[in-house]
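Quick notes on the structure that follows.
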Amino acid sequence: MDKFVIKGGNRLTGDIYVSGAKNAAVAIIPAVILSDEPCVLENVPKISDVSIGLKILAEMGASVNMIDDTTFRIDATNLVNSEVPYEMARKMRASYYFLGACLGKFGKAMVSMPGGCPLGDRPIDMHLKSFEVLGSKNDIINGVVNVECDHLYGGHIYFDKVSVGATMNAILASVKADGLTIIENAAREPHIVDLANFLNSMGADIMGAGTDVIKVRGVKHLRGTTYSIVPDQIEAGTYMIAAAATHGDVMIRNVIPKHLESITAKLIKIGVNVEEYDDAVRVWTTRPLVKTNVKTSPHPGFPTDMQPQIATLLTLVDGPSLVTETIWDSRFAYVEELRRMGANITIDGKVAIIEGTGKLNGAPVKACDLRAGAALIIAGLAADGITEIEDIHHIERGYQDMDGKLRGIGADIEKRYFPGESSIKTCGA
Ligand code: UD1
């Protein structure tokens, strides 16, 4: 089994470069299906979720060519298959975007119920309801989702709850539908805007992405495009917190500072210095850090995908902080792992009560999900002694070369193969 082995205590200093956004890439890759010509995608992150997305496209009949490390030419014009291979779909949560993209292109799709991080109940009812508004009939048989329509017509979609995935899927399905689709109570995350920008660069007519009302006027054809994926807001935020947790001084490059505002605001409250540049943020500390409370909410609120990382930082400051999770039911699985490292955290429903002790100790721990894994890396970097993290495949789903990038700014982290060892601990156990 591969593990990350970290010797904590090094101050992180220097420049680190952020890759393209996972959550934009995993929607834009299926969106290429909608194009009537080949597309070139740039700034594609090298992570396993992207490899799976590209493999799904190739297995469905698209030609996928790597131009360089982060650039792909994808020709999905001959693709006739609207079924996503079962084994692939269940490996990745975002395989549900193939539903919207195939429905938009072929009027039908078959995708098995998606996998991904174990964050609690992850329904797709709102995705399916939005397809229904556009004229699709949906059913789920033996874990496989079938969507099909005779014709897609624009419609009025109102989401009861803000959902990134349902908003993206509604856009994908409506972009070629007849007439106007209005999506209300839409999610506003940067990757929603990125998907809309990508589709608009192919000739789509999408207005209002980034606000809670998105209007999509269906078009008949979408042309090819060359498009660069937006920088990853969560990867950037993770390195900001790693810099703060090690009392380092790091310039995080290839970012859009506007996308980081809620993270920056919290870090400043904790006593971290953050300076914004055009496409970089510098993060450093000059004084002791202080406790604060954090509550996750949809964009532009504090992202749930940064909750484990900021909670880890708060274990390293003196005094009690409250971290409230409002999006996912099971997003505190990492807490038990942090306790192994000496953290004093109590969970009360949706709230983690963190009694910061200013210190963590290295320990063997397990990455229970993607962001939990990122949080444990931060903990290991800041801790006294050695931390061994297992199940790092979760981390590799969403962070490109995280160990290499962190070594570049002074971290003592190595990926090591431990022959004969298999995962024995269960998460949070
Ligand atoms: C996306 C992100 C994930 C992030 C999450 C919230 C991707 C690939 N993943 O996940 O990293 O943690 O946004 O910012 O972009 N819900 C329903 N019915 C639905 C859909 C969602 O009730 O049909 C609920 C969910 O249970 C959850 C909330 O809505 O409580 C938000 O989920 P959603 O925004 O859809 O998350 P994802 O798109 O799956």
Side-chain angles (χ1 to χ4, degrees), residues 20-31 45 47-50 52-53 56 89 91-101 111 113-133 138 140 145 147 157-173 183 185-195 212 229-230 232-235 237-238 259 262-263 295-310 324-334 350 368-375 394-395 397-399:
K22 162 186 167 287
N23 288 348
V26 294
I28 287 174
I29 289 168
I47 52 175
S48 59
D49 267 12
V50 159
I52 295 168
I56 292 176
K91 282 188 185 151
M92 180 176 75
R93 178 80 201 149
S95 54
Y96 54 41
Y97 292 130
F98 284 90
L99 282 172
V111 181
M113 280 297 277
C117 273
L119 303 177
D121 195 18
R122 298 191 78 167
I124 59 163
D125 56 309
M126 297 198 302
H127 302 233
L128 299 181
K129 274 187 198 139
S130 74
F131 298 156
E132 254 172 54
V133 170
N138 315 314
I140 303 177
V145 187
V147 296
I157 299 167
Y158 182 87
F159 289 126
D160 294 335
K161 203 170 176 179
V162 177
S163 161
V164 172
T167 303
M168 300 269 231
N169 249 336
I171 293 174
L172 290 167
I183 305 168
N185 201 21
R188 292 177 279 169
E189 269 66 3
H191 29 290
I192 307 265
V193 179
D194 210 38
L195 174 67
D212 59 2
I229 289 170
V230 74
D232 197 308
Q233 167 207 21
I234 304 300
E235 187 192 8
T238 301
H259 293 170
S262 62
I263 303 162
K295 188 173 184 175
T296 62
S297 58
H299 192 80
F302 191 87
T304 171
D305 285 358
M306 287 299 302
Q307 183 261 101
Q309 300 91 313
I310 199 136
T324 308
E325 171 60 47
T326 69
I327 315 278
W328 298 116
D329 297 335
S330 304
R331 200 144 220 186
F332 287 131
Y334 67 90
K350 292 173 183 289
C368 305
D369 61 63
L370 168 58
R371 307 304 172 186
H394 282 299
I395 302 171
R397 279 187 41 228
Y399 288 88

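Every value quoted in this text rests on a predicted model; they were computed, and no experiment measured them. Ligands are counted one by one from 1 in listed order, and the atoms in each one are counted from 1 as well.
Remark: ligand 1 and Lys22 share no N or O pair separated by less than 3.5 Å (distance only, no angle test). For the pair Val164 and ligand 1, the shortest N or O to N or O distance falls below 3.5 Å. In terms of polar-atom proximity, defined here as any N/O pair under 3.5 Å, Met126 does make such a contact with ligand 1. Polar contact check, Ala94 against ligand 1: no nitrogen or oxygen pair lies under 3.5 Å apart. On a distance-only criterion, Thr304 and ligand 1 share no N/O pair closer than 3.5 Å.
Leu128 is listed as a side-chain neighbour of Val147, based on a closest heavy-atom distance under 4.5 Å. Counting only heavy atoms from C-beta outward, the side chains of Pro45 and Asp232 never approach each other to under 4.5 Å. Residues Thr167 and Glu189 are not in side-chain contact: their nearest non-hydrogen atoms beyond the backbone lie 4.5 Å or more apart. Between Ile28 and Met168 the shortest side-chain heavy-atom distance does not fall below 4.5 Å. Side-chain atoms of Ile234 and Tyr399, non-hydrogen and from C-beta on, do get closer than 4.5 Å to each other. At least one side-chain heavy atom of Ile263 sits less than 4.5 Å from a side-chain heavy atom of Pro303.
When each of Gln307, Gln309, Arg371 is paired with Tyr334, the side chain to side chain donor-acceptor pair (under 3.5 Å) condition holds for Gln307 and for no other.
For ligand 1, the atoms lying closer than 4.0 Å to a non-hydrogen atom of Arg93 are 39 (O). For ligand 1, the atoms sitting less than 4.0 Å from at least one non-hydrogen atom of Gly165 are 35 (O), 38 (O), numbered in the order shown with element in parentheses. For ligand 1 and Asp305, the ligand atoms under 4.0 Å from any heavy atom of the residue are 3 (C), 4 (C), 11 (O), 12 (O).
Distances from ligand 1 to the non-hydrogen atoms of Ala187 include no value under 4.0 Å. Heavy atoms of Arg331 approach ligand 1 to within less than 4.0 angstrom.
Residue Ile327 touches ligand 1 through backbone and side chain together, judged by heavy-atom distances below 4.0 Å. The residue Phe159 has no part lying near ligand 1, judged by heavy-atom distances below 4.0 Å.
Annotation: the span from Arg331 atom CZ to Lys350 atom NZ amounts to 13.5 Å, rounded to 0.5 Å.
The main-chain N or O of Val230 is found under 3.5 Å from a side-chain atom of Asp194 such that the two form a donor-acceptor pair.
Distances from atom 15 (O) of ligand 1 to the heavy atoms of Asp125, Asp49, Thr296, Asn23 show the closest one on Asn23.
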